[in-house]
Number of protein chains: 2
Amino acid sequence: MGSVPEPTIYDVATRAGVAASTVSRAFGVPGRVSERTRQKVVAAAEELGYVPNPHARALQSGKHATIALMLADITNPYFFELIRGAEQRARVAGNTLVIVNAEESRRIEFEQIQGLTGAVDGFILAASRLSDDELRALAGKHRLVLLDRELPPIPSVVRDMRGGCRQILEHLSSLGHREVAYCSGPPTSWMSAERWAALSGGAEEHGLTLRRVGPYAPTVANGAVAADGALRAGVTAVVAHNDLLAIGIVRRLRDRGVAVPEDVSVVGFDDIFAAELLEPPLTTLGAPGAQAGRLAVELLLDPPGRHHPAQLRLPSDLVIRRSSGPGSGG
Amino acid sequence: MGSVPEPTIYDVATRAGVAASTVSRAFGVPGRVSERTRQKVVAAAEELGYVPNPHARALQSGKHATIALMLADITNPYFFELIRGAEQRARVAGNTLVIVNAEESRRIEFEQIQGLTGAVDGFILAASRLSDDELRALAGKHRLVLLDRELPPIPSVVRDMRGGCRQILEHLSSLGHREVAYCSGPPTSWMSAERWAALSGGAEEHGLTLRRVGPYAPTVANGAVAADGALRAGVTAVVAHNDLLAIGIVRRLRDRGVAVPEDVSVVGFDDIFAAELLEPPLTTLGAPGAQAGRLAVELLLDPPGRHHPAQLRLPSDLVIRRSSGPGSGG
DNA sequence: GCAACTTTGGCAACCGATTGCCGAGGTTGT
DNA sequence: ACAACCTCGGCAATCGGTTGCCAAAGTTGC
């Protein structure tokens with residue numbers, strides 16, 4: 001299996017009756033060789049089934065046409081759309097996308113980056129768990145784009161939480177809620193801090209008292225603990241760090257005989273595929289995942305400045321479903 | 001950003017006071033250099049922050065330490081577990097996993113493989129949409145492992161449908177169902193054909209009449225059409241090609257006022273994350289996704305023969321939830 | 001008709017590793 | 001004490017492209 005030697009640029013050159021450098025230029029430098037010669041070369045390559053060796057190309061030119069997308073946790077469905085968007089954009093640009101998983105671990109994230117050094121043109125770090133200093137150091141050595149994390153001057157794409165969280169607060173407030181708990185995500189999650197900041201910053205204005213519980217690892221399983229924590233805080237509404245946690249919370253509340261939304265309302269973040277399927281369907285802050293992925297790739301390929309600002313913020317909108325309803329105070 | 005030249009093997013050699021070849025061997029050929037020299041080299045590399053250039057290595061040695069995992073459709077949550085398993089196994093073996101998406105398209109799948117030729121050690125094709133002939137041709141040029149597709153002598157890992165489908169038939173039969181519809185997946189899906197074969201092959205034995213409807217693209221949205229098709233067939237139970245389709249079917253039935261499972265039972269395949277969240281929770285044939293991914297990687301790294309048989313079959317088991325219940329005939 | 005310039009292809013160095021081969025120095029056997 | 005062998009480091013070729021530089025051929029201007 002797999003031992004027929006691949007044709008090289010030299011084979012093509014011989015066949016077309018030109019030098020190897022001419023073949024290289026025929027493909028890589030438009031206008032550098034005459035149209036007639038180019039035709040010959042293309043024909044020869046075609047006949048031989050020539051495919052350029054990416055390693056040889058990368059070794060000399062330093063260009064790899066490869067982008068790494070690092071995900072904090074690949075099992076979070078939110079990343080699906082993000083992957084799709086990034087992958088499509090990368091493909092039309094002729095780049096391949098390498099998807100790597102950090103499994104919510106700083107160490108693994110770091111090692112993965114180490115391992116891909118010299119193999120990719122740059123990294124898109126989605127919900128990175130690295131520290132600010134580590135990121136800054138990395139940005140000095142690699143092309144970097146942050147997703148759902150902001151650390152100027154490193155280019156980034158974030159879903160803007162201000163407007164979205166305001167919508168959540170308005171929603172809960174108008175339903176008559178007064179006491180709200182925020183079940184926070186991992187301490188290393190910039191997004192969780194951002195959400196808390198946006199929520200707590202606007203709470204007073206909307207007549208809400210906000211309590212922070214947690215942190216919790218953002219999984220369905222951990223929703224049970226989070227639900228218990230929120231109940232103990234004696235609130236009528238719970239905002240969870242993300243939909244996975246929110247789903248776990250809804251299930252735990254149900255298991256404990258707490259009616260959703262009659263007794264307690266639950267709101268999540270991300271609007272993952274399963275949010276709509278839950279019973280009751282989950283109210284959640286939607287996120288333009290595919291667009292974010294697409295933009296991150298563009299930011300990486302096209303250095304910010306001329307075409308794009310370095311820090312992109314995407315609006316997010318609340319999707320109201322049945323997990324939130326009138327509070328006991330309203 | 002990113003322009004400090006990476007130290008090379010020559011820098012390390014100079015610093016350690018040895019030749020470049022010695023450095024190379026110190027890392028790559030155990031026992032080839034003395035322990036004392038190795039220590040010196042390692043120390044020098046450490047101080048310089050040396051990271052080997054993967055392209056240079058691959059160019060000469062032909063080894064890339066990279067595996068491509070091709071998915072028919074990355075948005076299918078079933079692939080989550082598979083990716084996790086494959087990714088972990090690849091990582092412990094020091095390989096990076098490139099995840100590529102075929103978007104259910106034969107052409108895209110083919111082009112992606114073309115584009116990665118020479119950049120990876122081999123391909124794992126999950127639910128490939130390529131034809132038998134195309135796969136055979138590919139197997140002649142690349143290391144290949146098929147996932148959820150069987151085509152001897154190409155190594156493969158499949159979730160065995162015989163036992164699982166028997167469990168479905170037993171389950172439905174014992175609940176008193178007699179007329180069952182199978183909503184089939186894409187015509188290019190080997191898995192769909194396999195499932196149909198296993199179900200229809202065992203139907204008579206269990207006193208069931210099986211009707212095939214479809215094909216349908218396996219998405220939640222298409223569940224609506226599939227549900228209507230099944231209803232027209234006048235059955236009391238529906239087995240869907242996968243959970244996405246099954247979820248769509250359940251929702252459509254509910255929208256049409258058909259009670260699940262009182263009027264019609266629904267069974268899916270894959271036991272994706274959302275199956276359990278659906279109301280009613282979905283009865284579905286579970287699949288050891290992570291294990292399948294792990295084994296596929298092992299099969300690719302370790303040529304079959306000595307350690308593994310070439311064709312692996314993993315057992316699958318029915319997870320009975322509330323979307324299936326007594327049929328009107330029982 | 002000749003100088004100046006442009007177009008186009010080739011030569012050869014180079015990217016950063018790996019690896020076959022060689023030989024210096026040390027070890028073992030008798 | 002000498003041959004045979006082993007250990008271990010270095011030299012240099014090699015993988016398959018890219019690219020700076022050069023020169024032959026063709027164009028243009030006056």
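Computed from heavy atoms alone, side chains included, the values below leave out hydrogens, waters and symmetry copies.
- With rounding to whole Å, B/Lys63 atom NZ is found 18 Å from C/dG16 atom C1'.
- Distance CD1 (A/Ile9) to P (D/dG17): 5 Å, rounded to an integer number of Å.
- Summarising the geometry, the separation between CD on B/Gln60 and C1' on D/dG16 is reported as 11 Å, rounded to the nearest angstrom.
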Inset, instruction - Could you go through the side chain to side chain contact (heavy atoms under 4.5 Å, CB included) check for B/Thr219 and B/Asp73 one step at a time? - result: CA-CA 10 Å; B/Thr219 64; B/Asp73 172 21; 5.6 Å; no
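- When all heavy atoms are compared, the tightest approach of A/Leu48 to A/Val12 is CD2-N, 3.9 Å.
- Among the protein residues, B/Ser34 comes within range of the sugar-phosphate backbone only, with heavy atoms under 4.0 Å from sugar or phosphate atoms but none that close to a base.
- Residue B/Tyr50 is in sugar-phosphate contact alone, with no base atom involved, counting any heavy-atom pair closer than 4.0 Å across all strands shown.
- Nearest-nucleotide positions on DNA chain D for B/Ala20 and B/Ser61 put B/Ala20 closer to the 5' end.
- In this structure, the CG atom of B/Asn53 is 16 Å from the P atom of D/dG17, given to the nearest Å.
- Contact check for B/Ser128 versus B/Glu109: side-chain heavy atoms found under the 4.5 Å cut-off.
- Applying the 3.5 Å distance criterion, the base of C/dG16 shares no donor-acceptor pair with the side chain of B/Arg57.
- The 5' end of DNA chain D is approached more closely, in terms of each residue's nearest nucleotide, by B/Val33 than by the other of B/Val33 and A/Val29.
- As rounded to whole Å, 13 Å separates atom P of C/dC21 from atom CZ of B/Arg32.
- Following rounding to the nearest Å, A/His55 (NE2) and D/dC15 (C1') show an atom-to-atom distance of 11 Å.
- Contact annotation for A/Ser24: base contact, defined as any heavy-atom pair under 4.0 Å involving a base atom.
- Taking atom CD of residue A/Glu35 and atom P of nucleotide C/dT7, one finds them 16 Å apart after rounding to whole Å.
- A salt bridge between A/Glu194 and A/Arg149 is absent, with no side-chain N of the basic residue lying under 4.0 Å from a carboxylate O of the acidic one.
- We find that CG of B/Leu48 is positioned 16 Å from C1' of C/dA17, with the value rounded to whole Å.
- One donor-acceptor pair, N or O on each side, does fall under 3.5 Å between the base of C/dC11 and the side chain of A/Ser21.
- No more than 12 heavy atoms of other residues, nucleotides or ligands lie within 6.0 Å of CD in A/Glu46, so this atom counts as exposed by the packing criterion.
- Interface remark: the A/Arg25 side chain does not form any donor-acceptor pair with the D/dG17 base, using a distance-only criterion of under 3.5 Å.
- Judged by a 6.0 Å distance limit and a 45° cone about the ring axis, B/Arg32 is not positioned over the six-membered ring of B/Phe27.
- A cation-pi arrangement is not found for A/Arg84 relative to A/Tyr78, the charged atom failing to lie both closer than 6.0 Å to the ring centre and inside a 45° cone about the ring normal.
- Counting distance only, with no hydrogens placed and no angle test, the side-chain atoms of B/Tyr10 and the base atoms of C/dG16 include no donor-acceptor pair under 3.5 Å.
- Recorded end-axis angle for the helix from C/dG1-D/dC30 to C/dT30-D/dA1 stands at 30°, based on five pairs per end and rounded to 10 degrees.
- A salt bridge between A/Glu298 and A/Arg294 is absent, with no side-chain N of the basic residue lying under 4.0 Å from a carboxylate O of the acidic one.
- In this structure, of C/dG16, D/dG10, C/dG9, it is C/dG9 that holds the atom nearest to the side chain of A/Thr37.
- Comparing B/Gly28 and A/Ala19 by the nucleotide of DNA chain C that holds the closest heavy atom to each, the one mapping nearer the 5' end is A/Ala19.
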